[in-house]
Amino acid sequence: MADRMTYLTADGLRGRGWTDRMVGELLGWPDVQGRDPRRRSMAPVRLYLLARVEAVERSPEFAGRAEAAGRGGAAARAAAERRRQAVLAAVAAEPIRVPLLPVPELERRSARHGRLLADASRSAPGVAPPDASASASRPVARAGPPGALVRWQVDYLQHALGRYDALLDGLFGTVGRAEAERLLRRRILKAVAGAYPHLAAECRRRLR
């Protein structure tokens with residue numbers, strides 16, 4: 001393996017402002033290519049002679065490409081920030097309409113929803129799913145772990161309000177999406193607490 005002090009890897013080039021396209025068009029083939037025995041990956045390591053890289057970096061062509069790449073990156077970041085702000089504004093402004101049910105009906109639906117989720121999690125592959133009609137016919141179980149029915153009610157209402165997830169469209173795998181998800185979750189839980197005061201303590205617990 002060549003002396004790494006006189007060569008740059010592809011990552012090293014990116015750190016100096018090179019894009020993959022600039023590498024291909026301005027440097028072409030690597031000066032050294034092989035497998036690094038210190039890595040498990042079988043992918044070849046591409047090395048570029050530092051002196052050649054520095055010579056290209058002094059050229060007007062490189063300066064023009066680097067400036068254009070910087071503008072493109074800045075434009076993409078600005079567009080992403082505008083999308084983030086727009087989604088956060090939409091989440092903050094959208095009215096959260098919680099379905100209003102008599103408490104016994106809410107308990108019945110929530111218990112059924114909780115049982116179905118529990119049955120699904122226990123079902124092994126290849127086993128027929130539980131009979132939903134049988135689950136629906138069972139009475140609401142007030143026994144069991146303390147607070148289970150309250151937790152089921154909040155779970156059910158959050159599930160029923162899942163349509164508001166559409167507000168997050170346009171934010172994929174970004175810090176902005178995580179921020180918007182937290183804001184939406186907070187607004188939904190506060191709306192649930194306002195609509196059903198007996199669930200307020202559980203909603204506050206989830207907001208911590």
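One finds the CZ atom of R112 at 10.5 Å from the CG atom of L117 (value rounded to the nearest 0.5 Å). Here L183 contributes atom CG and E181 contributes atom CD; the two are 11.0 Å apart, rounded to the nearest 0.5 Å. Rounding to the nearest 0.5 Å gives a distance of 9.0 Å between CG of L49 and CG of L8. E105 contributes atom CD, which lies 13.0 Å from atom CG of L100 (distance to the nearest 0.5 angstrom).
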Discussion item. Checking Q33 against L47 for the side chain to side chain contact (heavy atoms under 4.5 Å, CB included) test, could you report, in this order, the C-alpha distance in whole Å, the side-chain angles of both residues, the deciding distance, and whether it holds?
Written reply: CA-CA 6 Å; Q33 182 167 310; L47 299 176; over 6 Å; no

Worksheet entry | D165 vs R185, salt bridge (charged side-chain N to carboxylate O under 4.0 Å, His left out): CA-CA, chis, key distance, verdict | CA-CA 10 Å; D165 288 346; R185 181 172 181 271; over 6 Å; no

Worksheet item: Would V53 and W18 count as a side chain to side chain contact (heavy atoms under 4.5 Å, CB included) if you check the C-alpha gap in whole Å, the side-chain angles of each, and the deciding distance to 0.1 Å?
Response: CA-CA 10 Å; V53 171; W18 289 75; 4.0 Å; yes

Item to complete: Applying side chain to side chain contact (heavy atoms under 4.5 Å, CB included), run through L161 and R163 and close with a yes or a no.
Response: CA-CA 5 Å; L161 295 169; R163 64 185 182 276; 4.0 Å; yes

Discussion item. Please determine whether side chain to side chain contact (heavy atoms under 4.5 Å, CB included) holds for the pair L168 and V91, giving the CA-CA distance in whole Å, both sets of side-chain angles, and the decisive distance to 0.1 Å.
Written reply: CA-CA 8 Å; L168 305 177; V91 170; 4.2 Å; yes

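For the pair L207/K190, a side-chain contact is recorded, criterion being any heavy-atom separation below 4.5 Å from C-beta on. Here the side chains of V154 and Y196 are not in contact, with every heavy-atom distance at 4.5 Å or above. In this structure, L106 and L157 have side chains that are in contact, with non-hydrogen atoms separated by less than 4.5 Å. Taking 4.5 Å as the limit, some side-chain heavy atom of V192 sits within range of a side-chain heavy atom of C203. Between R206 and R151, the closest side-chain pair of non-hydrogen atoms falls below 4.5 Å.
Remark: H198 NE2 is packed, more than 12 non-hydrogen atoms of other residues, nucleotides or ligands lying under 6.0 Å away.
Looking at R52, R65, R16 one by one, the single match for salt bridge (charged side-chain N to carboxylate O under 4.0 Å, His left out) with E57 turns out to be R16.
For the pair Y48 and L13, the tightest heavy-atom approach, listed with the atom from each and the gap, is CD1-CD1, 3.5 Å. Heavy atoms only, all atoms of each residue included: L149 and A111 are closest at CD1-CB, 4.3 Å. Residues G194 and P197 approach most closely at O-CD, 4.3 Å, considering heavy atoms.
Salt-bridge check for R205 with E202: passed, with a basic side-chain N closer than 4.0 Å to an acidic carboxylate O.
Using a 30° and 60° split on the angle between ring planes, H113 and Y156 fall in the perpendicular class, above 60°.
Side chain of S110 to backbone of E107: no donor-acceptor contact under 3.5 angstrom is found. Formation of a donor-acceptor pair under 3.5 Å by the Y7 side chain with backbone atoms of D31 is not found in this model.
For the 3.5 Å distance criterion, the side chains of R109 and Q153 fail to qualify, holding no donor opposite an acceptor.
Each of W152 and V103 belongs to its own hydrophobic cluster when Ile, Leu, Val, Met, Phe, Trp and Tyr are linked at side-chain heavy-atom distances under 4.5 angstrom.
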